[in-house]
Amino acid sequence: MTRQGICGKIGEMADWKEGMPPVVRFAPSPTGYLHVGGARTALFNFLFARHHGGRFILRIEDTDRKRYQPEALAEIFTSLKWLGLQWDEGPEAGGDAGPYFQSQRTALYRRHAEELLAAGRAYRCFCSEERLANLRAEQEKAKMAQGSGYDRHCRSLAPGDSEKLLAAGKSYIVRLKVPDARAVAFHDLIRGDITYDSAQLDDLVLLKSDGFPTYHLANVVDDYLMGISHVLRGDEWIASTPKHILIYEAFGWAPPLFAHMPVILAADGGKLSKRRGAASVLDYQRAGFLPEALRNFLALLGWAPGGDREVMTLEEMIRAFTLERVQAKAAVFDETKLEWMNGVYLQGRSVESLLPDVRAAWEKMELPAAALADEAFLKKVIAMFRERSRKVSEIAASSLYFFRDPQGYDEQAGRKHFKAEALPLIDALLERLAIQEPFAAPALEALYRKLAEERTVGAGKLIHPTRLAVSGVSFGPGLFEMLEALGRETVLRRLRQARGHIAARGQDGN
RNA sequence: GGCGCUAUCGUCUAGGGGUUAGGACGGGUGAUUCUCAGUCACUAAACCGGGGUUCGAAUCCCCGUAGCGCUGCCA
C-alpha cells in the first residue's frame with residue numbers, strides 16, 4: 001500500500017533535527033473556559049520546550065466567528081499564568097512571528113488559498129449548504145460503506161463555469177483536491193506510524209465563505225510560518241493529521257513532527273465536562289486548589305518520569321520530561337488523588353503565602369465586619385488549620401468559629417459530651433479559667449490535667465466538652481492552642497453558653 | 001456504518017520474552033494522640049478474551065471485544 005507519492009519518509013518529514021531547539025505552540029480556541037485537558041496539553045508543550053531549550057508559543061485560533069466568546073480570552077490567559085505556564089511568544093508577550101491571533105491573519109490565509117488555487121491543488125466550490133446537508137442525509141440513509149463526505153461535485157466544474165459563477169458574485173468556499181486512493185502516512189512520536197487511505201478523506205474545506213480559513217488551513221499555514229517543529233496536541237486531532245499532511249504536501253512544505261496527547265476522562269470514563277468533574281482550570285482555583293498541585297497532578301496524567309517520583313517541582317518536571325514517556329492511553333481524572341496532592345503542597349506552603357487566598361475565602365463567608373482585621377490572628381488560625389486541610393477553601397470553611405461563636409452544636413457529639421455529668425466539670429473550668437495566668441497553651445493543659453486528676457476522671461471528660469463548647473464540632477486543632485488563640489473572654493463566654501444549653505436540655509428530659 | 005487510536009490493581013502508573021508484576025491515591029487493619037488530620041506498620045487489589053511465534057508471552061504478531069476519537073463552511 002505504500003507506493004511512490006507517499007509524503008516524505010516516515011519519521012524524517014520535518015526539517016527539525018535532533019538537537020535543534022524545538023518550537024512548539026499551544027493553540028486554544030476562545031470558545032469557552034480553559035479546561036484541564038487543554039491545560040495539560042499546554043503543560044506538555046511547555047515542559048517539552050523548556051526541557052529542550054526551545055520556545056513555547058501561544059496562538060489564538062479564533063477563526064470561528066459563530067462560537068467566539070470574548071471573555072474566553074482573558075480566562076485562557078489567566079488560567080495559563082495561574083498554572084505558571086508563561087509563553088515565550090504570543091499575545092501580550094509579542095514575538096517576530098505575529099500576529100498571534102488568527103483573526104488578524106486572514107489576508108495571509110487567503111493568499112495561500114489563492115496559491116493553491118493557482119497551482120491546481122485546490123478548487124472553488126459553489127455548492128449551497130442545503131445541497132451539502134441533503135448529500136449528508138442521503139449518505140446517512142444509504143449507510144455508505146465508504147466514500148462518505150463531499151461528492152466532489154465542483155471539482156469537475158469547467159474553468160469557464162467556475163469563472164462565470166465567481167464573476168456573478170456567487171458565494172463559494174475553497175476545497176483541497178485530495179488525491180485518489182493513496183496512502184498518507186505520518187509518524188506519531190507517541191504512537192508510532194499511522195497510515196490512512198486518502199480515499200477515506202473527502203475534499204476538505206480550506207477557506208469558508210466568510211473569507212475565514214478553516215482550522216486545517218490556518219493551522220498548517222501558521223505552524224509553517226511560525227517555524228513550529230513539533231505539534232503536540234490532543235488526540236482528537238489524529239484523524240485530521242493526514243489532511244494536514246496533504247496540505248503541507250500541496251504547498252511543498254515539510255510537515256512538522258507530530259505527537260498526540262491522550263485525552264483526560266471523567267471518573268465514569270466519559271468525557272470531562274462542567275457536569276462531570278468541574279473541568280475548568282479556574283473552577284479548580286475557586287475550589288481551593290493550589291496551582292502547583294494541579295500542575296503536578298496534570299503532569300502525571302499521561303506522563304510518568306519513571307521511578308517512584310510523584311511530587312515534583314516544575315524544575316524537576318522540566319528536567320525529566322520526554323515525549324517517550326508520555327502514555328498513549330486516555331487517563332481518568334481522579335479528583336481524590338488531586339486532593340491528596342494538594343494537601344501535600346498545602347503543608348509545604350508558608351502561612352504568609354496562604355494568607356491572601358484564605359482571606360479571600362473568608363471574606364465571602366459573611367463574618368462580622370471586624371473579624372478579619374487582625375492579621376497576626378489570621379496567620380495563627382491558618383497555621384492551626386493548614387496541617388489538617390487539603391484545600392485552601394477547607395481552611396476557611398472549618399475555621400469560622402474563630403470569628404464568631406458557634407451557631408449550634410454537632411448533634412451526635414452533643415449527645416456524647418454534653419451530658420448532665422459534664423455540668424460540675426464545666427463549672428470548675430469556668431472558675432479556674434477565669435483566673436488562670438498566663439492564658440497560654442502549656443499552662444492551660446496543666447490546668448486541665450490537674451483538674452482531671454482531682455476529680456478522678458479522664459482528661460477527655462474535660463477536653464471533649466470544652467472543644468464542643470468553643471467550636472461547636474468534635475474535631476479541630478489541639479484544644480489548648482485553640483483556647484489560647486481564642487482568648488479568655490471568648491472561651492468563658494462560650495463555656496457559659498454551652499452550660500446553659502446543657503442545663504436547658506436536661507430540663508427537657510434529654 | 002467506515003476509518004483510526006487505545007487496553008497492567010477501583011484510579012494514576014512502573015516494568016516488558018524468564019520478576020514474589022513495583023510504587024502512588026483510595027480502601028481495610030493496627031499503633032500513636034484530647035478530637036480530626038497526620039505519621040508509622042501491616043494488608044487486600046491488576047496484566048481484556050482467543051489464537052499464534054517461542055523452551056518460555058503480561059511483554060512480540062493476528063483476530064475478537066470494549067472504550068474513545070474522527071467522519072462539519074467547529075476547533
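Per chain, numbering begins at 1; letters A, B, ... match sequence-line order.
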### Query
Across the strands shown, which category fits A/Gly460 at heavy-atom distances under 4.0 angstrom: base, sugar-phosphate, nothing?
nothing
### Message
Hydrogens and angles aside, do A/Arg40 and A/Asn45 bring a side-chain donor and acceptor to less than 3.5 Å of each other?
### Response
no
### Query
B/U35, B/G4, B/C34: which one has an atom nearest the side-chain heavy atoms of A/Ile194?
B/G4
### Summary
Between A/Phe26 and the options A/Ile60, A/Leu232, A/Leu34, the side chain to side chain contact (heavy atoms under 4.5 Å, CB included) test singles out A/Leu34
### Task
For nucleotides B/C61 and B/C73, find the distance between their P atoms and express it as a whole number of Å.
37 Å
#### Entry: Spacing of SG belonging to A/Cys125 relative to CD1 belonging to A/Ile173, to within rounding of 0.5 Å
4.5 Å
### Message
What is the separation between atom OH on A/Tyr215 and atom P on B/C70, rounded to the nearest whole Å?
### Response
13 Å
### Query
Considering heavy-atom distances to RNA chain B, does A/Glu387 or A/Glu310 have its closest nucleotide positioned more toward the 5' end?
A/Glu310
### Message
Taking the minimum atom-to-atom distance to the side chain of A/Arg390, which one of B/C68, B/G23, B/G26 wins?
### Response
B/G26
### Query
With respect to the phosphate group of B/A14, does any side-chain polar atom (N or O) of A/Gln327 fall under 4.0 Å of OP1 or OP2?
yes
### Query
Which of the following nucleotides, B/C25, B/A75, B/C73, is nearest to the side chain of A/Thr336?
B/C25
### Message
Within the supplied structure, the quantity of interest is the number of heavy atoms (other residues, nucleotides, ligands) at a distance under 6.0 Å from A/Glu454 CD; does it exceed 12?
### Response
yes
### Query
Expressed in whole Å, how much space separates the P atoms belonging to B/G1 and B/C60?
29 Å
## Note on the structure
The nucleotide from B/C73, B/U6, B/C5 with an atom nearest the side chain of A/Ala328 is B/U6
### Task
May I have the distance from A/Ile245 (atom CD1) to B/C70 (atom P), rounded to whole angstrom?
19 Å
### Message
ring-ring contact (aromatic ring centres under 6.0 Å, His included) for A/Trp237 and A/Tyr215? Distances and angles first, verdict last.
### Response
CA-CA 11 Å; A/Trp237 294 109; A/Tyr215 167 83; 4.0 Å; yes
### Task
Mark yes when over 12 heavy atoms from residues, nucleotides or ligands other than A/Glu453 sit less than 6.0 Å from its CD; otherwise mark no.
no
### Task
Mind checking A/Glu61 for me? I need base, sugar-phosphate or nothing, with any heavy atom below 4.0 Å counting as a touch.
sugar-phosphate
### Query
Within less than 4.0 Å of OP1 or OP2 of B/A75, is there a side-chain N or O belonging to A/Ser240?
no
### Query
With no angle test and no hydrogens, is the base of B/C5 tied to the side chain of A/Arg191 by a donor-acceptor pair under 3.5 Å?
no
### Task
Select base, sugar-phosphate, or nothing to describe what A/Gly302 touches, counting heavy atoms under 4.0 Å on all strands.
sugar-phosphate
### Message
Looking only at side-chain N and O atoms, does A/Arg191 offer a donor or acceptor that is under 3.5 Å from a partner on A/His260?
### Response
no
### Message
Just to be sure I understand the rule, does A/Ala459 reach a base, reach only the sugar-phosphate, or reach nothing, if contact means heavy atoms closer than 4.0 Å?
### Response
nothing
## Note on the structure
To the nearest angstrom, the NZ-P distance between A/Lys450 and B/C34 comes to 20 Å
### Query
With both distances kept under 3.5 Å, what pairs with B/C36, Watson-Crick or G-U wobble?
none
#### Entry: N or O in side chain of A/Lys208 less than 4.0 angstrom from B/C74 OP1/OP2
yes
Residues 464-475 of chain A side chain polar contacts: donor-acceptor under 3.5 Å, at least two apart:
unit_1	atom_1	unit_2	atom_2	d
A/Thr466	OG1	A/Tyr448	OH	3.0
A/Thr466	OG1	A/Leu462	O	2.6
A/Arg467	NH1	A/Pro477	O	3.0
A/Arg467	NH2	A/Pro477	O	3.0
A/Ser471	OG	A/Arg467	O	2.8
A/Ser471	OG	A/Val473	N	3.2
A/Ser471	OG	A/Val473	O	2.9

#### Entry: Distance between C1' atoms of B/G28 and B/A44 (Å, rounded)
7 Å
### Query
In whole Å, what separates the C1' atom of B/G4 from that of B/U13?
25 Å
### Query
When the C1' atoms of B/U29 and B/A21 are considered, how many whole Å apart are they?
25 Å
### Task
Among the candidates B/C36, B/A7, B/A75, find the nucleotide nearest to the side-chain atoms of A/Arg388.
B/C36
### Query
Looking across every strand, which nucleic acid part, if any, lies under 4.0 Å from A/Ser389 by heavy atom: base, sugar-phosphate, or nothing?
nothing
### Task
Go through B/A24, B/U13, B/C73 for me and flag the one nearest to the A/Ile173 side chain.
B/C73
### A/Leu451 CG - B/C34 P separation (whole Å)
16 Å
### Query
Taking the side chain of A/His464 as its heavy atoms from C-beta onward, which of B/C3, B/C34, B/C73 lies nearest to it?
B/C34
### Task
Ignoring the backbone of A/Trp340, work out which of B/C12, B/C73, B/C25 is nearest its side chain.
B/C25
### Task
Using the P atom as the reference point in each nucleotide, state the distance between B/A46 and B/U39 in Å, no decimals.
26 Å
### Task
Within residues 407-419 of chain A, find the residues that approach RNA chain B with a heavy atom at under 4.0 Å, and present them sorted by residue number.
none
### Query
Within this structure, what is the CG-to-P distance between A/Leu298 and B/A24, rounded to whole angstrom?
22 Å
### Distance test, side-chain N/O of A/Arg325 to OP1/OP2 of B/G15, below 4.0 Å
yes
### Query
Please give, in whole Å, the distance from B/C12 P to A/Leu294 CG?
17 Å
### Task
Classify the nucleic acid contact of A/Pro28 as base, sugar-phosphate or nothing, counting any heavy atom under 4.0 Å across all strands shown.
nothing
### Task
Using a heavy-atom cut-off of under 4.0 Å over every strand shown, decide if A/Arg131 touches base, sugar-phosphate, or nothing.
nothing
### Message
If I take atom CG in residue A/Asp334 and atom C1' in nucleotide B/U13, what distance separates them, rounded to the nearest angstrom?
### Response
12 Å
### Query
What distance, rounded to whole Å, do you find between the two P atoms, one in B/C12 and one in B/G52?
32 Å
### Query
Does the B/C73 base have a donor-acceptor partner in the side chain of A/Ser209 within less than 3.5 Å?
yes
### Query
Looking at A/Lys329, does any N or O in its side chain come under 4.0 Å of the phosphate oxygens OP1/OP2 on B/G67?
no
### Query
Can you tell me how far P of B/A14 sits from CG of A/Asp308, to the nearest Å?
12 Å
### Message
For the C1' atoms, the ones on B/A75 and on B/C70, what distance do you get once it is rounded to whole angstrom?
### Response
13 Å
### Task
Answer yes or no: does atom NZ of A/Lys170 have more than 12 heavy-atom neighbours from other residues, nucleotides or ligands under 6.0 Å?
yes
### Query
If pairing requires Watson-Crick or G-U wobble contacts with both distances under 3.5 Å, which nucleotide is the partner of B/A66?
B/U6
### Query
When you measure from the side chain of A/Asp64, which nucleotide among B/C74, B/C25, B/C70 comes out closest?
B/C74
### Message
So A/Leu479, base contact, sugar-phosphate only, or nothing? Heavy-atom distance under 4.0 Å.
### Response
base
### Query
Does the separation of the ring centres of A/His187 and A/Phe258 fall below 6.0 angstrom?
no
### Query
Does atom NZ of A/Lys177 have more than 12 heavy-atom neighbours from other groups under 6.0 Å away?
yes
### Query
Would you say the side chains of A/Asp222 and A/Tyr109 form a donor-acceptor pair under 3.5 Å?
yes
### Message
From the set B/G4, B/G38, B/A37, return the single nucleotide nearest to any side-chain atom of A/Ile238.
### Response
B/G4
